[in-house]
*Asks:* 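Have a look at the structure that comes next, please.
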Amino acid sequence: MSKYNPKKIEKKIQKFWLKNNFFKTKVNTKKKKYFCLSMIPYPSGNLHMGHVRNYILGDIIARYQKLKDKNILHPIGWDAFGLPAENAAIENNLNPYTWTVKNIKIMKKQLKKLGISYDWDREIKTCDPKYYKWEQWLFIKLYKKKLIYKKRKIVNWCNKDKTVLANEQVINNKCWRCNALIKKKKLSQWFIKITKYADKLLEDLKYLKKWPPKVKKIQKNWIGKTKGFKIKLNIENIKKKLYIYTSKINILTSVRCISISKYHKLIRKNKNKKKIYKKINLLEKKKINNIWGLYSKINAIHPITKTLIPIWITNFTEELYNNDVILISSKYNEKHKIFIKKYNINKIKLIIKNKLYKKRKFIKKIKKEIKKKIILNIWKKKKNFKLKDWSISRQRYWGVPIPIVKINKKIQTVKIKELPIKLPLYKKINKKNLNPLKKDKFWSIIKKKNKKITRETDTFDTFMESSWYYARCTSPKYNKKIFNIKKANYWLPINLYIGGIEHATMHLIYFRFIHKIMKDLKLVICNEPATKIICQGIVLTKTFFYIKNNKKIWINPDKIKKIKNKFYCKKNKKIRIYYAGINKMSKSKNNGINPNKIINKYGADTLRIFIIFSAPIEQNLIWKEKGIKGCFRFLNKLWNLVVNFKNKNKNKYIFKKKTKTLILVEKKIIYITKNMNLSTNLNSIIAKIMEFTNLLIKLNNKKINFSFIKENIKKLLILLYPFAPHISYYLLTKIYHNKNINNDLKWPKINKDILNKEKYINIVVQINGKKKTIIKIKKNINKKILVKKIKKLTILNKLKIKKNIYIKNKIINFVTH
RNA sequence: ACCCAGAUGGUGAAAUGGUAGACACAAGGGACUUAAAAUCCCUCGAUAUUAAAAAAUCAUGCGGGUUCGAAUCCCGCUCUGGGUACCA
């Protein structure tokens, strides 16, 4: 053994693990189970540091739980459908399949290099017909349960991606993926009734005790439950009724008008429809962002005063959100106030049933009437949710075909026998034809016995695939059913699910929802898919671009050099580089830092330690390579410690029991174990392991008891094993003189008795809460003796002590005031 | 606007009512070396005092409060980040 050469040993150890099926998922019925899952990646090209953080964290916990002697399920897969593949395919003249498969290959290699403990035989690819067959199956089941419907609705439309987006996928009125402004469009779409589960999704949040409170709060707000009243209003001169939901019923005392969307029935079925739409068009053209309204010339009748309330068409009431009918008053909402002022809408007349009142009495009277109606059960309280049904169809090619056919204009699901409906693979896809399925008449039109059958050419939202994969992971090759129910119920719920906070309202809601559906279909037993979640922070880095043909072109920070506060491209200094601030690492901004560079230079273990040590896991991390040397140095020190120790002659060591050191070590192990169980403070755990290493190096130089140090080196290497598995495993094999140390890989047991051996202890002496000195004294000493001893010290001279407070074995505070 | 989280050295950060700055990075000094790298040792929040050591005072965004004792709890403010954005 000589110098620490990570490249060599990591390769060697990885090969050994693979050869010996080290990470094969096994079930030993005597042991507990642990299902550790990191959200599967989208195969975008290269792994970047954001991925690395996610998968390393999962690996640390999975390896730790294995040391705790549990059955481990730690699977991986690829969320392989989606738009970027299509866009990249168009750009590179490939097909999405080839592009995706190529990327999976690259990223798989990188994950292997990081030494993540996956059972690769269980890998899942969502673009595999054997996988999505069961998604189509599930869809048909839901269709039959009447949880699926097709409807023309206002939807969010991204003009750049040419597709529909769910509400959850719209961020600041922009597309979550490409950041283009969203347009509202009326389109026929497939929906899944997530609203039917809204109450359950909200209620069950309280059982998720190990979920980050932040995620729960975001979900709660997103579901947005309110309790209010749905009231029926008559309309002047028209037989139709108008239903209004409001959570503040007292708004009836100050209502000025009613606002409806331009698509409301009253407008769509109006005689003057054409005229009205013409006017609306003019208004819309004028100023897009301004509030506008148009009086519909229809009036509703106030349910209590019986006076008329004008109905306005406005641009801030849309069917897409909650109701498309709302009561407008200046009292509750700033926007409404502005609207009322702008159009000078009159106050409500102080008349009830033709009787004039003074303002105060008028309000009192209305409130009384409202109460009456509630007590008489004429107006009933109703729940209302902000959550809307999930639109699951997309007008793009690279996704799961929706298993629907039209037979003579009648919509039907495909027969289960016929599944999977495979997505045809084309050599190329054309920029002008973004949904080639539509034009592929071989695929979309089937002729059977004079019947003309046409297929649905929309595909699923890719969030469908990621909503149930975790259950499939329990039996990825099972082909009789969606998954092996026995196995799913053994492994579920997920013990730890790891992913980014950005999924709080998207994936993490869909995934809970689909789980609840699967529970109702009796496919799973447990109530929630995951008992614990960690949302790791985002990895950020500097972002740069240059301009070519009036287009922003993002350039990787690796290719940039800073000279005198100006940025230059390393290859071509003439190109003007613009700095775009610090952003999330992503393919779209070309600012992903490839881990390969660091692995090649320092090894995977150093990278693993560094990314965990740099910041608390929930916190965002601005990528800086500066600290990485320190982590490499630490592993080198460890290496040298073991090498030096092994090369030394046993006989030189003096036998001496070191209780003090034992206590120090035990305290560290207790701290580390406690935090490993909670998966918290991982950065501090590394700090503790560093301290432990430094301690052993010191002791080794002092030539203390050979076997004592040997035992502690073993402990140290095991504690480090989840974080830096290669070097730890390698050094352990050297210590044990055995290549297969499987049986010795066990987390050290805590021995609290050692702590009782502690005889002397440090006590902090304070005056008025400020530290003055520290004294070493016998543990559990009597307070009176302690005070006597301290009074001998000069610090208390000339002070009038009024009282003292003693915290046992910790602190004594003398108070003078 | 509303809701949530946060603000600690030159930097990443420890400390969840009890010794503020653990563990690292960077920096400076020294040893080894022809030199570099690597390694090892020392200094490292601020202030003034001292030959030096020890000790002292001030420091956790700002202003108050509770407490023997506050980075931590409470009230008010400033800034930063995140969520929501019409149904009030």
Side-chain angles (χ1 to χ4, degrees), chain A residues 3-4 170-173 212-222 224 226 228 244-251 254 259 261 291 314-337 339 384-386 501-502 504-505 535 537-538 540 609-610 613-616 618-634 636-637 640 681 683-694 697 701 762-774 794-795 801-808 810-817:
Chain A
K3 231 180 142 186
Y4 172 45
V170 178
I171 296 159
N172 287 333
N173 206 28
K214 195 180 177 181
V215 175
K216 285 193 274 182
K217 212 151 235 169
I218 292 175
Q219 291 210 351
K220 192 187 157 195
N221 291 339
W222 186 262
T226 47
I244 292 189
Y245 174 85
T246 177
S247 63
K248 292 216 163 139
I249 192 74
N250 286 340
I251 196 173
S254 61
S259 160
S261 84
I291 297 173
T314 67
N315 64 338
F316 54 80
T317 310
E318 277 174 15
E319 164 194 321
L320 182 61
Y321 296 99
N322 204 344
N323 310 315
D324 54 350
V325 190
I326 51 178
L327 294 166
I328 303 287
S329 147
S330 64
K331 225 173 157 181
Y332 302 102
N333 187 298
E334 207 50 36
K335 218 175 203 176
H336 295 176
K337 213 174 178 177
F339 175 76
N384 196 55
F385 295 95
K386 216 182 73 181
I501 185 92
E502 67 272 21
T505 56
C535 289
I538 300 166
L540 306 153
I609 296 273
F610 176 64
F613 183 55
S614 298
E618 301 86 0
Q619 202 166 295
N620 288 352
L621 170 69
I622 297 171
W623 180 256
K624 278 176 194 158
E625 264 166 54
K626 266 188 176 174
I628 206 155
K629 267 190 188 172
C631 295
F632 186 59
R633 225 173 263 163
F634 159 61
N636 269 295
K637 270 194 206 170
N640 292 335
N681 295 333
N683 54 331
S684 296
I685 289 180
I686 300 218
K688 280 275 181 302
I689 294 176
M690 285 174 172
E691 278 176 23
F692 193 7
T693 312
N694 292 341
I697 289 171
N701 291 340
N762 286 332
I763 286 183
V764 175
V765 182
Q766 294 183 331
I767 295 173
N768 297 329
K770 282 200 172 174
K771 180 185 108 183
K772 289 294 160 189
T773 189
I774 296 169
T794 51
I795 35 165
I801 307 294
K802 284 195 177 162
K803 64 173 174 177
N804 59 53
I805 285 137
Y806 176 52
I807 310 295
K808 203 180 166 189
K810 212 170 195 177
I811 245 166
I812 182 152
N813 188 16
F814 292 94
V815 185
T816 62
H817 50 261

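Please read all numbers here as calculations on a predicted model, not as lab measurements. Both backbone and side-chain heavy atoms feed into the values below; hydrogens, waters and symmetry mates do not. In what follows, chains are A, B, ... by sequence order, proteins preceding strands, each numbered from 1.
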*Asks:* Would you say Lys771(A) reaches A55(B)'s phosphate, i.e. side-chain N/O to OP1/OP2 under 4.0 Å?
*Replies:*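 No, outside the criterion.
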*Asks:* Excluding sequence neighbours, so at least two apart, what forms side chain to side chain donor-acceptor pair (under 3.5 Å) with Ser614(A)?
*Replies:*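 Once residues adjacent in sequence are excluded, Ser614(A) has no partner under the side chain to side chain donor-acceptor pair (under 3.5 Å) criterion.
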*Asks:* With C1' as the reference atom in both, quote the distance from C68(B) to A1(B) in angstrom, rounded to an integer.
*Replies:*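 Roughly 44 Å separates the two C1' atoms.
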*Asks:* Between A14(B) and G83(B), how many Å separate the two C1' atoms, rounded to a whole number?
*Replies:*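 Taking atom C1' in both A14(B) and G83(B), they lie 29 Å apart.
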*Asks:* Report which part of the nucleic acid Ser684(A) touches: base, sugar-phosphate, or nothing (heavy-atom distance under 4.0 Å, all strands).
*Replies:*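 Sugar-phosphate, backbone atoms only, no base.
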*Asks:* On RNA chain B, nearest-nucleotide positions of Lys217(A) versus Asn813(A): which is more 5'?
*Replies:*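 Upstream on the strand: Lys217(A).
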*Asks:* Using a cut-off of 4.0 Å on non-hydrogen atoms, how would the nucleic acid contact of Asn640(A) be classed: base, sugar-phosphate, or nothing?
*Replies:*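 Result for Asn640(A) = nothing.
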*Asks:* When all nucleic acid strands are considered with a 4.0 Å heavy-atom cut-off, which category describes Lys770(A): base, sugar-phosphate, or nothing?
*Replies:*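 Since only primed, P, OP1 and OP2 atoms lie under 4.0 Å of Lys770(A), the category is sugar-phosphate.
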*Asks:* Give me the distance, rounded to whole Å, that separates G18(B) from U84(B) when you measure between the P atoms they each carry.
*Replies:*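 Approximately 36 Å lies between the P atom of G18(B) and that of U84(B).
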*Asks:* If a stem is a run of at least 3 consecutive Watson-Crick or G-U pairs, both distances under 3.5 Å, which stems include RNA chain B?
*Replies:*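 Ordered by first number, the stems with RNA chain B (at least 3 consecutive pairs each) read B:1-7 with B:78-84, B:10-12 with B:23-25, B:27-31 with B:39-43, B:45-47 with B:56-58, B:61-65 with B:73-77.
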*Asks:* Syn if the chi torsion is within 90° of 0, anti otherwise; quick check, which is G45(B)?
*Replies:*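 In terms of base orientation relative to the sugar, G45(B) is anti.
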*Asks:* If I pick the P atom on A20(B) and the same atom on U57(B), what distance separates them, to the nearest angstrom?
*Replies:*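 Pairwise P distance, U57(B) against A20(B), rounds to 12 Å.
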*Asks:* Of Ile218(A) and Glu691(A), whose closest RNA chain B nucleotide lies nearer the 5' terminus?
*Replies:*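 The residue whose closest nucleotide sits nearer the 5' end is Glu691(A).
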*Asks:* Tabulate protein N/O versus nucleotide N/O from nucleotides 7-13 of chain B, keeping only pairs under 3.5 Å, one per line.
*Replies:*
unit_1: G12(B); atom_1: O2'; unit_2: Ser614(A); atom_2: O; d: 2.3
unit_1: A13(B); atom_1: OP1; unit_2: Gln619(A); atom_2: NE2; d: 2.4
unit_1: A13(B); atom_1: O3'; unit_2: Asn683(A); atom_2: ND2; d: 3.4

*Asks:* So if I take every side-chain heavy atom of Arg633(A) and compare against C23(B), A26(B), U84(B), which nucleotide ends up nearest?
*Replies:*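 The listed nucleotide nearest to Arg633(A)'s side chain is A26(B).
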*Asks:* What nucleotide, of C68(B), G18(B), U19(B), holds the atom closest to the side chain of Ile774(A)?
*Replies:*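 Per side-chain heavy atoms of Ile774(A), the pick is U19(B).
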*Asks:* Between U80(B) and A71(B), how far apart are the two P atoms, rounded to whole Å?
*Replies:*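 Their P atoms lie roughly 26 Å apart.
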*Asks:* Have a look at Asn636(A) and say if it touches a base, only the backbone sugar-phosphate, or nothing, with a 4.0 Å heavy-atom cut-off.
*Replies:*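 Touches nothing.
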*Asks:* U33(B) and C44(B): how far apart are their P atoms, nearest whole angstrom?
*Replies:*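 The answer is 28 Å between these two P atoms.
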*Asks:* If you define the side chain from C-beta out and look only at heavy atoms, does anything of Phe814(A) sit under 4.5 Å from Val765(A)?
*Replies:*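 Result yes, sub-4.5 Å side-chain heavy-atom pair found.
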*Asks:* OP1 or OP2 of A88(B) less than 4.0 angstrom from a side-chain nitrogen or oxygen of Ser247(A), does that happen here?
*Replies:*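 It does, given that an N or O in the side chain of Ser247(A) lies less than 4.0 Å from OP1 or OP2 of A88(B).
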*Asks:* With P as the reference atom in both, quote the distance from G10(B) to A22(B) in angstrom, rounded to an integer.
*Replies:*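 Approximately 14 Å lies between the P atom of G10(B) and that of A22(B).
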*Asks:* Of the nucleotides G83(B), C4(B), C87(B), which has the atom closest to the His336(A) side chain?
*Replies:*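 Of the candidates, C87(B) comes closest.
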